[in-house]
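So you know, we letter chains A, B, ... as the sequences are listed, proteins then strands, and number each from 1.
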There are 2 protein chains.
Amino acid sequence: MQPSLDTVFAALADPTRRAILQMLLEDDMAVTDVADPFEMSLAAISKHLTILTRAGLISQEKRGRVKWCKLEPDALKSASVWMQGFGQFEPVNLDAFEAFLERELGTPAND
Amino acid sequence: MQPSLDTVFAALADPTRRAILQMLLEDDMAVTDVADPFEMSLAAISKHLTILTRAGLISQEKRGRVKWCKLEPDALKSASVWMQGFGQFEPVNLDAFEAFLERELGTPAND
DNA sequence: GGTTTGGTCAACCATTCGGTTGAATATGGG
DNA sequence: CCCATATTCAACCGAATGGTTGACCAAACC
């Protein structure tokens, strides 16, 4: 199943999963280390990570017996673009926004 | 219950509800008219509208025997801001973005 | 080779979700 | 007043969610 708006938004709807994403913003982490600050079983965290992976929000790579989790922030792009359609509160079109990014950063906005 | 990221994202996770939001982008609508294009009962749509209301994404106002539904796009702002925290894919800080909006539109970005 | 360590799997459980149907509650019109 | 219209309520249903526990598997260590 490739990530859809359904799966992305559903993945974001859980506070544990959002907290995990924010932790991964710092650095890649092993599953055990992700689970550490939470007061729930490792198996539960493992499930959350599976959901995040299926939503495309993270990727997991096994090196040795350690499975590393890595943020994949591009998955947020589709959701972000969808929300920008509600331009009434953010009255800017994507073209102008990308142009802004290019001016500010000197790099194309779409990778 | 005041809208949280939980309720906002959960509300957005359903395709029917996203479709409703997009319909309301056009204009305010009565509950019956919202339900019309969907192949499900009026009661089901009524439930969806309740969920959208509790998420703060729409408001409902009863005039006569008709209940009008109105988009409240500001509710997306908190979710949007949260997602912008993942600046790796959208490498711009809010201050710069607001400054951009002011330049582009000549109005303050935050209402 | 036996034992940790890291992580998933499988079964289970309570709760929530998305839908149905039928009854109930306004409000408005003739 | 009676009826149609607009909408919700209440009870029910099957499926999905978020959690648990214990067994399991694979890699690493002594």
Side-chain angles (χ1 to χ4, degrees), chain A residues 1-24 27-71 79, chain B residues 1-24 27-72:
Chain A
M1 175 191 55
Q2 57 184 1
S4 62
L5 278 181
D6 280 36
T7 55
V8 170
F9 280 129
L12 295 177
D14 184 276
T16 301
R17 289 193 289 265
R18 287 199 307 277
I20 291 175
L21 291 178
Q22 284 182 314
M23 290 165 57
L24 292 177
D27 204 355
D28 299 356
M29 295 179 77
V31 172
T32 308
D33 296 332
V34 170
D36 200 52
F38 297 98
E39 287 183 341
M40 72 180 70
S41 69
L42 183 61
I45 296 294
S46 180
K47 282 189 185 180
H48 282 305
L49 291 172
T50 302
I51 291 172
L52 288 170
T53 301
R54 284 212 265 258
L57 290 163
I58 68 170
S59 60
Q60 292 181 288
E61 182 199 356
K62 194 169 183 180
R63 281 201 299 272
R65 64 179 165 182
V66 171
K67 202 168 187 179
W68 292 92
C69 305
K70 177 176 166 27
L71 194 64
Chain B
M1 174 191 55
Q2 58 184 2
S4 62
L5 279 180
D6 280 37
T7 54
V8 170
F9 280 130
L12 294 178
D14 185 275
T16 301
R17 289 193 290 264
R18 288 198 307 277
I20 291 174
L21 291 178
Q22 283 180 315
M23 289 165 57
L24 292 177
D27 203 356
D28 299 356
M29 295 178 76
V31 173
T32 309
D33 295 332
V34 170
D36 199 51
F38 296 98
E39 287 182 340
M40 71 180 70
S41 70
L42 184 60
I45 296 294
S46 180
K47 282 189 184 180
H48 282 304
L49 291 172
T50 301
I51 291 172
L52 288 170
T53 300
R54 283 212 265 255
L57 291 163
I58 69 170
S59 60
Q60 293 181 290
E61 183 199 356
K62 193 168 182 181
R63 280 202 298 274
R65 62 181 165 179
V66 171
K67 202 167 189 180
W68 292 91
C69 305
K70 176 174 166 28
L71 193 63
E72 297 288 346

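- Evaluation of atom-type donor-acceptor distances gives a pair under 3.5 Å for the side chain of R65(A) against the base of dA27(D).
- Between the CG atom of D14(A) and the C1' atom of dC17(C) there is a distance of 15 Å, rounded to whole Å.
- When distances are taken from the side chain of K67(B) to each of dT8(D), dA6(D), dT4(C), the shortest belongs to dT8(D).
- For the pair T53(B) and Q60(B), the tightest heavy-atom approach, listed with the atom from each and the gap, is OG1-OE1, 3.1 Å.
- Taking only side-chain atoms of V31(B), from C-beta outward, the nucleotide of dT8(C), dG6(C), dT8(D) with the closest atom is dT8(D).
- Distance, I51(B) CD1 to dT8(D) C1': 14 Å, rounded to whole Å.
- Considering only heavy atoms from C-beta on, M40(A) comes within 4.5 Å of T16(A) through its side chain.
- Mapped onto DNA chain D by nearest heavy atom, R17(A) and R63(A) fall at different nucleotides, with R17(A) at the one closer to the 5' end.
- Within the 4.5 Å cutoff, side-chain heavy atoms of R54(B) are placed close to those of T50(B).
- Nearest approach of D6(B) to P15(A), heavy atoms of both residues: OD2-CD, 3.2 Å.
- When side chains are defined from C-beta on, D28(B) does not count as touching E61(B), because their heavy atoms never get closer than 4.5 Å.
- The shortest distance between side-chain heavy atoms of L57(A) and L12(A) falls below 4.5 Å.
- Of the residues in residues 40-48 of chain A, L42(A), A43(A), S46(A), K47(A) come within less than 4.0 Å of DNA chain C through at least one heavy atom, sorted by number.
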